[in-house]
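Before I ask anything, let me first share the structure, which is written out below as structure tokens.
If you're wondering where the values come from, they're calculated on a predicted model, not measured in any experiment. All residue numbers refer to positions in the sequence shown, counting from 1. Order of listing sets the numbers, starting from 1, for every ligand and every atom in it.
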Amino acid sequence: MKFFVDTADIAEIRDLASTGLLDGVTTNPTLIAKSGRKFLEVIEEICGVVDGPVSAEVVALDHETMMKEAAVLRKLASNVAIKVPLTIDGLKTCKALSSEGVKVNVTLCFSANQALLAAKAGAAFISPFVGRLDDNGADGLQLIEDIRLIYDNYNFDTEILAASLRNSSHIFECAKIGADVITAPPAVIKSLFNHVLTDKGLAAFEADWAKTGQSIL
Ligand code: G3P
């Protein structure tokens, strides 16, 4: 399973990239606004830090303008993936860009039928929003399971990029279902490293090592 981080905070991206465990980055207009930085500049900088795909979202609602925006974003770096919304115009754009070999991430997916359409439009990634479905009384993880089944039935290459993940349990469940990629905020990814027994065990080893009076170096 690939790990993407869902942020436009360059310091957080550098920090996670230094672990060697980061496979890509996702952003959206909300995260760009939160960064307080210029969209094109921040995407270019992120692309220089991470080798994998960096999702940059178009903001137009019509196909023609989406294509123009995508042309600007594609010029920033070779690892830019164009993010489009799951609308008719978004999927028209997805079809056109993917036919040119561009990686497209189709976002704001809330149903298995939407995911089916995105795969038919040649999406490299589909982004179902788990947390937002949970927020609205639905079962976000069930959607990941349904999409997995449908994509496997037809051998679609589109990768399931589970998004809007809010906790470590979401990530664990996505791994069990077989999501291809997860994206989550830095704090959620960092929480995966933690276990109280790891901390306790380490403290005991440190204390016992000190009693030996030895040093390795
Ligand atoms: O990548 C989509 C994700 O950013 C949405 O997350 O927590 O705003 O629902 P959230």
Practice problem: Quick one: look up the protein heavy atom nearest atom 2 (C) of ligand 1 and list residue, atom name and how far away it is. | Solution: F129 CZ, 3.3 Å
Quiz item: For ligand 1, does T107 get within less than 4.0 Å through its side chain, its backbone, both, or neither, judged by non-hydrogen atoms?
Solution: neither
Quiz item: Do any N/O atoms on R166 end up under 3.5 angstrom from N/O atoms on ligand 1?
Solution: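 For ligand 1, there is an N or O atom that lies under 3.5 Å from one belonging to R166.
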Exercise. Give the residue, atom name and distance (to 0.1 Å) of the protein heavy atom nearest atom 4 (O) of ligand 1.
Key: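 Going by distance alone, atom 4 (O) of ligand 1 is nearest to D6 OD2, 2.4 Å.
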Quiz item: Any idea which atoms of ligand 1 are less than 4.0 Å away from a heavy-atom of A163?
Solution: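 Going through ligand 1 atom by atom, the ones under 4.0 Å from A163 are 1 (O), 2 (C).
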Quiz item: When rounded to the nearest 0.5 angstrom, what distance separates OG in S191 from CD1 in I171?
Solution: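 Interatomic distance, S191 OG to I171 CD1, rounded to 0.5 Å: 6.5 Å.
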Result block: side-chain N/O donor-acceptor pairs under 3.5 angstrom for residues 94-101, not counting sequence neighbours:
residue: S98; atom: OG; partner: C94; partner atom: O; Å: 2.7
residue: S98; atom: OG; partner: K95; partner atom: O; Å: 3.3
residue: S98; atom: OG; partner: A121; partner atom: O; Å: 3.1
residue: S99; atom: OG; partner: K95; partner atom: O; Å: 2.6
residue: E100; atom: OE1; partner: R74; partner atom: NH1; Å: 2.9
residue: E100; atom: OE1; partner: R74; partner atom: NH2; Å: 3.4

Quiz item: Are there more than 12 heavy atoms of other residues, nucleotides or ligands under 6.0 Å from atom CG of N194?
Solution: yes
Self-check item: Atom indices of ligand 1, in the order listed, that fall short of 4.0 Å to a heavy atom of N28
Solution: 4 (O)
Exercise. Decide whether L73 and V49 are clustered together by the hydrophobic rule: side chain heavy atoms of Ile, Leu, Val, Met, Phe, Trp, Tyr closer than 4.5 Å, transitively.
Key: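 Yes: a chain of side-chain contacts under 4.5 Å links L73 to V49.
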Quiz item: Within a radius of less than 6.0 Å around CD1 of I88, do more than 12 heavy atoms belonging to other residues, nucleotides or ligands occur?
Solution: no
Quiz item: Counting only N and O atoms by type, is there a donor-acceptor contact under 3.5 Å from the side chain of S55 to the main-chain atoms of T27?
Solution: no
Exercise. Could you find the nearest protein heavy atom to atom 8 (O) of ligand 1 and give me its residue, atom name and distance?
Key: R132 NH2, 2.8 Å
Quiz item: ligand 1 and S164, any nitrogen or oxygen pair closer than 3.5 angstrom?
Solution: yes
